[in-house]
Amino acid sequence: MADADTISEEDIMTITQPRRGADQRDDTAIRPFRVEVPQADLDDLHRRIRDTRWPEHETVGDASQGVQLDVVQELAKRWAGHDWRVVESRLNELPQFVTEIDGLDIHFIHVRSPHEDALPMIVTHGWPGSVIEQLKIVGPLTDPTAHGASAADAFHLVIPSLPGHGFSGKPEATGWDPIRIAHAWVELMRRLGYDRYVAQGGDWGNAVTEQMALLTPPGLIGIHTNMPATVPDPIQAALTNGDAPPEDLSPEERGAWDQLAFFYAHGLGYAQEMAGRPQTLYSLADSPVGLAAWMLDHDARSYDLIARVFAGASEGLTPDDVLDNVTLYWLTNTAVSSARLYWESKLAFFAPKGVTIPTAVSVFPDEIYAAPRSWATQAYPNLIHFNRLDRGGHFAAWEQPELFSQEMRAAFRSLR
C-alpha cells in the first residue's frame, strides 16, 4: 500500500496544482495531497461577500418564501471574518491522497486505526456536503479507546470526495452517476488493499453505497445508511399522484408519509433545477452569498437548525461548521460540477433497490423522512441493525458525531 513515507515530497498535490497529465506517472499511483489555498483566493472571497447586492426582505414572517434575508446577512457578516486556515489545518493533519480511477482523480482521506484488527469502512458524503461532514467522526471511530469505547469497535476509515465535489476531479464527459461511482469506490478499496470492508452513506452517499451493495464485490460484507431508500411503490405512487394517505398506515408510517408529502410539495425545487438544468446555475459560481443561500435551502429541518445557529443557538452545527463547508465549495468552484450528479442519476431516490447483503439503518428524526421499521424491513431483507435516534438530521455525522459513532459501532459489531 502506498503511503506518504514512500512517495517523494515533489509528488505532493495541492489544491492549486491539480494533476492534468495522465502520461506523467502511473495512473494507479496513490499520491499524497495537501490543501494550500492562495491568500489571494481568500481575499477575493471576502471582497465578494462585502460587495454583495442584497434583495429586499421577504414579505412573510417565516421561511415559506425561502432562505430569509436576516439569516443570510448574519452568515455573510460572519463569513467576512471566517478563518479558512483553521479547517485547512484540520484537513492537512489527516492523511489525504489522490488516485486516478476510470480516468478521473479521486481525492480521499485515509486514516488507519492504531488497532490492527480494525474494520475498514468507506464513508461517502452527499450534497451539499463534503468530507468536512466526517471530520468529527474520524477520531472516535479510528481510535475508540481514546473516546470511551472498545478497541474491538475500531475502524480504518476511507472518506472520498465524490466526483465533481471538493478536491476530486470534475468529470469532463457524461456518465459519472452513482453506479459508476460505486464501481470506482470498489476499485479504491481494492487498490488500498482491503479485501474485507463495510460501506456507509447518507444522501448521495446512500445511493452510492447501495449501488456498491448491488455489485456484490467479494470484499463488501455489509452497509450502513442514515438515509435509507425504503418507500414502497404503492406509497410512492400515492404521493406522486397527490392521493390521500392510505387508511391502514401505522403512526410511524403516517409520520413518514407527512414528511415526504411536505418535501415533495415544498422541498424539491433545488433538486429539480439541478437534475434538469445544472449548467444554468452560473450565479452560484459567481456569488458566494448566492451559493451559501442555495446550499442552506436543502431541507426544511436542516435550514431551521442552521438559522437557529446563526441566531446564537448552541446545538449540532456551529456557524464555523457551516462556513467551512460552503467555503470549500466556493474555493474549489464545484457548485455546478456537483449539481451535475443530479442530472446524471436516473435512480428513484427513495425507492428500494433490492439490496440483499447485511444492512444497518439508523433513523435520525429530522431527516427528510424518518424511515419506519416496517418499510426498512421490506427494503432490506437482511436487516442486521435498526435504531431510531432521539435527535439529529440530514447531516448526522456532522451534527451528532457521538451518536453517529455509537451507531457505527453497534451497526457492524455482528460482522466483525
Side-chain angles (χ1 to χ4, degrees), residues 4 12-15 18 30-37 84-99 101 104-113 120-142 155-170 176 178 181-182 184-185 188-189 192 197 199-209 212 224 226-227 291 295 298 317-318 320-335 337-338 341 394-401 404-405 408:
I12 292 178
M13 298 281 290
T14 75
I15 186 175
I30 296 174
R31 296 116 53 201
F33 179 93
R34 285 182 60 82
V35 182
E36 296 177 350
V37 175
W84 164 258
R85 299 301 183 193
V86 175
V87 71
E88 182 178 270
S89 295
R90 289 175 63 199
L91 287 165
N92 287 334
E93 287 170 0
L94 299 173
Q96 297 179 84
F97 303 90
V98 171
T99 188
I101 301 177
L104 192 71
D105 274 348
I106 300 299
H107 163 265
F108 62 99
I109 296 169
H110 183 202
V111 182
R112 288 186 58 84
S113 170
M121 178 165 65
I122 183 168
V123 181
T124 309
H125 67 84
W127 187 93
S130 67
V131 296
I132 287 175
E133 281 185 68
Q134 281 79 41
L135 293 182
K136 298 176 187 177
I137 63 171
V138 171
L141 292 181
T142 60
F155 293 90
H156 301 307
L157 285 185
V158 179
I159 306 173
S161 297
L162 288 166
H165 296 64
F167 305 116
S168 281
K170 300 175 183 179
W176 278 96
I181 297 170
W185 277 200
L188 176 60
M189 296 303 278
L192 292 173
Y197 62 92
Q200 195 285 327
D203 195 82
W204 283 119
N206 174 67
V208 172
T209 298
M212 291 178 69
H224 173 276
N226 56 287
M227 188 179 170
L291 172 64
M295 293 172 66
H298 175 270
L317 303 177
T318 68
D320 278 344
D321 286 334
V322 176
L323 294 173
D324 290 343
N325 189 54
V326 180
T327 304
L328 174 63
Y329 271 77
W330 175 262
L331 294 173
T332 55
N333 193 17
T334 48
S337 59
S338 63
L341 182 53
H394 185 73
F395 304 99
W398 205 20
E399 298 172 39
Q400 301 294 335
F404 186 90
S405 298
M408 294 307 99

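Numbers here are sequence positions counted from 1.
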TODO: Mind telling me whether F395 and W398 have parallel, tilted or perpendicular rings, with 30° and 60° as the class edges?
DONE: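 Plane angle over 60°, so perpendicular.
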Looking at every non-hydrogen atom in both residues, tell me the closest pair between [X] and [Y] and how far apart they are.
| X | Y | answer |
| --- | --- | --- |
| L157 | I137 | CD1-O, 4.2 Å |
| T332 | K170 | O-NZ, 3.1 Å |
| G126 | E133 | N-OE2, 3.7 Å |
| G129 | Y329 | O-OH, 2.6 Å |
| S161 | H165 | CB-O, 3.6 Å |
| T142 | S113 | O-OG, 2.6 Å |

Donor-acceptor side-chain pairing of [X] and [Y] below 3.5 angstrom:
| X | Y | answer |
| --- | --- | --- |
| H125 | D203 | no |
| D321 | T318 | yes |
| T124 | W204 | no |

Open item on the list: Using the rule given for side-chain contact (heavy atoms from CB on, under 4.5 Å), can you reason through L135 versus V87, listing the C-alpha separation, both sets of side-chain angles and the distance that settles it, and then say yes or no?
Closed with: CA-CA 10 Å; L135 293 182; V87 71; 4.2 Å; yes
If you measure from [atom1] on [X] to [atom2] on [Y], what distance do you get to the nearest 0.5 Å?
| X | Y | atom1 | atom2 | value |
| --- | --- | --- | --- | --- |
| L192 | H110 | CG | NE2 | 5.0 Å |
| H394 | M227 | NE2 | CE | 5.5 Å |
| H224 | M408 | NE2 | CE | 3.5 Å |

Keeping the roles fixed (side chain from [X], backbone from [Y]), state whether a donor-acceptor pair exists under 3.5 Å.
| X | Y | answer |
| --- | --- | --- |
| R85 | V37 | yes |
| Y197 | H156 | no |
| S168 | H107 | yes |
| Q96 | L91 | yes |

Open item on the list: Test side-chain hydrogen bond (donor to acceptor under 3.5 Å, both in side chains) on N92 and E88; report intermediate values, then the result.
Closed with: CA-CA 6 Å; N92 287 334; E88 182 178 270; 4.8 Å; no
- [ ] Report the C-alpha separation of Q200 and N226 in whole Å, then their side-chain angles, then the decisive distance to 0.1 Å, and conclude whether the side-chain hydrogen bond (donor to acceptor under 3.5 Å, both in side chains) test is met.
- [x] CA-CA 8 Å; Q200 195 285 327; N226 56 287; 2.7 Å; yes
Are the side chains of [X] and [Y] in touch, meaning some heavy atoms are under 4.5 Å apart?
| X | Y | result |
| --- | --- | --- |
| V322 | M295 | no |
| L328 | F167 | yes |
| I159 | F108 | no |
| L341 | P178 | yes |

- [ ] Begin with the C-alpha distance, continue with both residues' side-chain angles, and end with the deciding distance and a verdict on side-chain contact (heavy atoms from CB on, under 4.5 Å) for I181 and W176.
- [x] CA-CA 6 Å; I181 297 170; W176 278 96; 3.9 Å; yes
TODO: Begin with the C-alpha distance, continue with both residues' side-chain angles, and end with the deciding distance and a verdict on side-chain contact (heavy atoms from CB on, under 4.5 Å) for V158 and V123.
DONE: CA-CA 6 Å; V158 179; V123 181; over 6 Å; no
Open item on the list: Are F33 and F97, when compared by the centres of their aromatic rings, separated by less than 6.0 Å?
Closed with: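 For F33 and F97, the ring centres are not under 6.0 Å apart.
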Open item on the list: For R90, is there an ion pair with E93 - N to carboxylate O distance below 4.0 angstrom?
Closed with: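 R90 and E93: not salt-bridged.
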Open item on the list: Using side-chain contact (heavy atoms from CB on, under 4.5 Å), reason through W185 and I106 one step at a time and then give a plain yes or no.
Closed with: CA-CA 9 Å; W185 277 200; I106 300 299; 3.8 Å; yes
